Amino acid sequence: MPLSRLNQEQLHAATTKAGSNLIIASAGTGKTSTIVARIAYLLKEKRVKPEHILLLTFTNKAAAEMLERISIFFDKTVMERLESGTFHAVSYRLLKKLGKKISLKQPKDLKILLKTIHDKRRFDHIDSSINVYQSSYLYDLFSLYQNSTIDLNFSDWLEEKGSEHGDYYDIYEDIFIEFKELKNEYGYVDFNDLLIMMRETLKEDNSLKFNEVLVDEYQDTNNLQSSLIDAFDKKSLFCVGDYDQSIYGFNGANIEIIGSFADRYKGASIFNLNKNYRSTSKILALANRVIEHNPRLYKKKYEVTRTQECEAPQLLIYDELFTQYQAISSLIKLSNTTYENIAVIFRNNSSADGMEATLREENIPCKRKGGISFFDSREIKAIMDLLSVVVNSKDMMAFIHIFEYAKGVGSALSKELFEALSKLGAGDIYRGFFHPKDISNPFKKRVQNYQLGLFDDCHEFGSVSRFANENFNENFLSNPILKHARLSVDGAKFIFKFYNYMRNSIRIKNPKILVNYIINSEIFNHITDFLATQRAIKKDGSIDEVAKQEARERILKKGDILKELAGGYKSSERFLNALTLGKSEMSAGDGVNLLSVHASKGLEFSQVYVIDLMDGRFPNRKLMNKGGSLEEERRLFYVAVTRAKDNLSLSYARFDKIKKIEYVHSPFLKEAKLL
DNA sequence: ACTACGCCCCTTTTT
DNA sequence: GGGGCGTAGT
C-alpha cells in the first residue's frame, strides 16, 4: 500500500479525518505521494466509492499520473469510476453527463468574434484623453475579471483596479452583452463559461455528490475556481499547495485563498510537509535564500533529507545570447545524464527558439511542451474546423475559417453567406443547405444600427445561369444563396464542395471515420492543394512541383496522425473538446526538455539549466508593470530552481546582438548570493 | 465596396 | 512566422 512508504507528516495528512484539510507542501516534499496515499486510504480504509471522489489538478497529465500510481493497487475499473482532471476538463465531463451540449472554442477564435463586435462601436463622440482598450486586450481583461471576482460587475471591477476608462464602461459592458448573445447564437462556450456553467448547474442540480474533493496546486486557485470548489456538495476537502509556488496571478490566482483557508472553513486542519526528498542541500539553500526575500505568510521550514556531498549550483555568464545557448548545448552534449533527465527552463517562451536551434546543431534531441507546431498548422486547423462545423452547425467561426480557402470569397462575403444559410436553416447551416425555408432573399440585412437608422439592405441578385456550366446538382442550384451578386464561379464551386461535404459527413458519428472522410474529401483536397502550392513557391514566383508534392504528402501524413488521435474518442464532439482542453499537454518526441517556468510546474529533473536570467527578462519587467509583481517573479524563480534534483546551472548573457540590447543580470542572482 | 497582396510589427505566462 | 494594416486592383 502507498501508505507504508510515507513519512510521519505525510501519513498524518493522508489519513486525516473528513473535514476541511489544507496541506502546505513545499517543493519536493512528496505532495503527489500524499495525494495518492489519501485516495488509496479513502478507497481501501474508508470504503469510499470511487465515483464519490473528485480529484482536481492543474493539468490533465498530473491527474493521469496520479491515477497511474494508484492503479497499481486497485482494479482498473476503479480508476475509471474516479472523477479527475483539471477544473475545466472535469466541468466539461460533468456537464456532458448532465446532457449539456458544449462546443468549446479557443480564446483565439473568440477574440476574433469579439473584435467584430468591438469594431462596430463608435468611441469618437466621447471626449477622453484615454485610449480605448483594444478588443484583444479587452478580452483578456474580461477573462481576468471573470476569474477574479464573483460578485462585482465588470465596470465596478475595472474601477476597483484603478482603471481610468470610466467614460467607456457602458460601451464595454454593452460589448460583452452582445458577445454573450453571439456566443449563445453560435453555441460557443469558452474556458471561463465552462466553470461558470458548472457552478450555476451545481446550484440547481444536486445529483452530483462527492464525499471527498481533492485539490492539487491549491496556491494557483483563483476566485472563480474557489467558488466552484465551494459549489460542490461534499463531505470533505483536501487541498494541497505551497504559498511560494503561486505563479498564475495573471490568471487571477489569488494567494489569499490558500492564506485564508482556516478563516474560511471552520474547524479546518492544517498540515505541513517540510521534508524535502528532491533536491540536494545546496540547491535547496539557494532556493530558500531567494524566496526569503518575499514577505512570509508563515515561517518557511525545510528539512533536507539528501545530506550527502553535492555539487554547488553554478553561475554561467556569457557575452552574447547565442553564445549562451551554444555553450549550454555543449554542456548538455558532454553531460553523463540522459537527455530525458535534463531540463532547460526559461521565463519567456521566446528563449525556446534559440535554444532549440543550437541543440539541433549539436544533434541533441529535445522536446517542447505546449506550442507544438502540429496543432498550430493550418491543415490541422482546417480539419478541426471541418469537424467543428459538423458537430455544431451553428459554428460561424469554423465556417469562416474554412471559407478563407475559397477564391473570391473574403471575410465579408463569407459572413454574409453564413448568415444567409443560418437564416434559411433557422440557425442551422445544414438545414440551410438541405431543408431551406422559403425565403426569397436571405441576404436582407437585419436592421442593426439604430443610430444610423439603417434600413434593410437592398441587395441585387446575380443570375444563377452564371453557374450553368458547372456540375452542380438541381437542389444546390436552387438554393437562394447562389443568387448573391458578388459570388464568383470559383466561390460557387467552393460552396458546392462544402455542400457535398456537409451532406455526407453529417451522418458520420465516429470521429476517426469522420477525420478519414475529411482527408479524402474534395474540400480538403482543395485546401491541401492551396497550402501545398503556397509552400512550394520559389523566390522567382514559380512553383516547384517536387516541393509541392512533398508538401502535399506532409499534410496527408499529419492528417493520418490526427485520425489515429481521434481513434480514442467516442464522439467527434468529445474529440474536439479534448483537443481544446488539452492539446498543449501533448508533447512530442523525447530528449532534453525545453520548458517555460509555468510549464515546468510539478516536474523534476536531475539536471536543470535556468537560462536568460537577465533583468527585464527574468524578472519580466514588462509584465510587472502590467499587474504582475516582483514577488510573483521571485516565486517563478523559486519554482524554476526547485525543479532540480542534483545539478543546477543558472546562466545569463550580457548582450543580444540581434535586438542590440545590453543586459544586466537578474537581481535574483544576487539574492541567491551567486554574485 | 470588397478582395488580394505586400509590408511592417512583435512575440507572457495557461486552461 | 503570423497577424494587422495600407494599397492596388477588381
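Throughout, protein chains are lettered first and strands after them, A, B, ... in sequence-line order, and every chain is numbered starting at 1. Every heavy atom of this structure was used, including side-chain atoms; hydrogens, water molecules and symmetry mates were not. Quick caveat, the model's predicted, so the values are computed rather than measured.
A cation-pi arrangement is present between K601(A) and F58(A) under the rule of less than 6.0 angstrom and at most 45 degrees off the ring axis.
Nearer to the 5' terminus of DNA chain B, by closest-nucleotide assignment, is the contact made by K407(A) (compared with the other of K407(A) and A599(A)). Comparing N620(A) and G410(A) against DNA chain B, the residue whose closest nucleotide sits nearer the 5' end is G410(A).
Looking at residues two or more places apart in sequence or on another chain, you find a side-chain hydrogen bond (donor to acceptor under 3.5 Å, both in side chains) between T149(A) and D151(A). R643(A) is linked by a salt bridge (charged side-chain N to carboxylate O under 4.0 Å, His left out) to nothing, counting only residues two or more places apart in sequence or in another chain. Partners of F605(A) according to the ring-ring contact (aromatic ring centres under 6.0 Å, His included) rule, which considers only residues two or more places apart in sequence or in another chain, do not exist here. Among residues two or more places apart in sequence or in another chain, the side-chain hydrogen bond (donor to acceptor under 3.5 Å, both in side chains) test is passed with N192(A) by S143(A), Q146(A), N147(A). Considering only residues two or more places apart in sequence or on other chains, F467(A) meets the ring-ring contact (aromatic ring centres under 6.0 Å, His included) condition with none of them. Taking H401(A) as the reference, nothing meets the ring-ring contact (aromatic ring centres under 6.0 Å, His included) condition, with sequence neighbours excluded. Taking F250(A) as the reference, Y248(A), H598(A) meet the ring-ring contact (aromatic ring centres under 6.0 Å, His included) condition, with sequence neighbours excluded. In this view, R574(A) satisfies the salt bridge (charged side-chain N to carboxylate O under 4.0 Å, His left out) rule with no residue, not counting sequence neighbours. Under the rule for a side-chain hydrogen bond (donor to acceptor under 3.5 Å, both in side chains), the partners of S103(A) that lie at least two apart in sequence or sit in another chain are N392(A).
Against DNA chain B, the stretch residues 246-254 of chain A makes heavy-atom approaches under 4.0 Å through Y248(A), F250(A), N251(A).
Between S596(A) and the phosphate of dT14(B), there is a side-chain N or O to OP1/OP2 separation shorter than 4.0 Å.
As judged by a 4.0 angstrom heavy-atom cut-off over every strand, N349(A) is placed among residues touching the sugar-phosphate backbone only. Residue-level contact check: L413(A) touches the backbone only, with heavy atoms under 4.0 Å from sugar-phosphate atoms and none from bases.
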Find every protein N or O atom lying less than 3.5 Å from an N or O atom of nucleotides 2-6 of chain C, and list the pairs.
| unit_1 | atom_1 | unit_2 | atom_2 | d |
| --- | --- | --- | --- | --- |
| dG3(C) | OP1 | K108(A) | NZ | 3.3 |

Could you run down the sub-3.5 Å N/O contacts of the protein with nucleotides 6-11 of chain B?
none

